[in-house]
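The figures that follow rest on heavy atoms only: side chains count, while hydrogens, waters and symmetry mates do not.
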Amino acid sequence: MRPEAQLTLIGADEFLRRFVNQRVELWSGKVVPMTPVSSLHARTAVEIAFCLRQFAGGGGERGRVLVEAGFLVARDPDEVLAPDVAVVRP
């Protein structure tokens with residue numbers, strides 16, 4: 001019987017240093033690879049972002065529209081998620 005592999009959790013700071021510009025998210029301290037997006041998925045995300053930007057106002061009066069931006073959503077264990085499209089209020 002072989003021993004179980006020890007899983008080391010990492011924090012958001014280390015995650016952001018080591019995995020910048022890679023298609024991964026941090027779920028409960030574990031690095032999780034994301035699948036590549038298809039052209040249909042990419043087009044749909046752009047269309048949604050365009051519609052949301054019109055709603056939010058071109059100058060961002062009601063919010064800023066971000067695509068594939070990372071957000072720290074939990075601590076201890078840390079979680080960093082990157083939604084396809086997000087609206088962030090000013």
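Transitive grouping of hydrophobic side chains (ILVMFWY, heavy atoms separated by less than 4.5 Å) keeps V80 and V20 in distinct clusters. Cluster membership check: L72 does not share its hydrophobic cluster with L66, using side-chain heavy-atom separations under 4.5 Å among Ile, Leu, Val, Met, Phe, Trp and Tyr. Both V73 and W27 are assigned to one and the same hydrophobic cluster, defined by single-linkage of ILVMFWY side chains at heavy-atom distances under 4.5 Å.
Residue R64 holds its CZ atom at 14.0 Å from CZ of R89, rounded to the nearest 0.5 Å. Taken to the nearest 0.5 Å, the CD atom of E14 stands 10.5 Å off from the CG atom of L9. Atom NZ of K30 sits about 9.0 Å away from atom CD of E79, to the nearest 0.5 Å.
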Would F55 and V65 satisfy side chain to side chain contact (heavy atoms under 4.5 Å, CB included), going step by step from the backbone distance to the final call? CA-CA 10 Å; F55 171 77; V65 178; over 6 Å; no
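You'll find the side chain of V31 stays beyond 4.5 Å of the side chain of R18, heavy atoms only. Contact of the F19 side chain with the L26 side chain is not registered, since no non-hydrogen atoms from C-beta on lie closer than 4.5 Å. Side-chain contact between H41 and D84 is present, with at least one heavy-atom pair separated by less than 4.5 Å.
A donor-acceptor pair under 3.5 Å is absent between the side-chain atoms of R23 and the main chain of P33, judged by distance alone.
Of all heavy-atom pairs between G63 and A56, the closest is O-CB, 3.3 Å. The minimum heavy-atom distance between A12 and R75, with the atom names listed, is CB-NH1, 4.2 Å.
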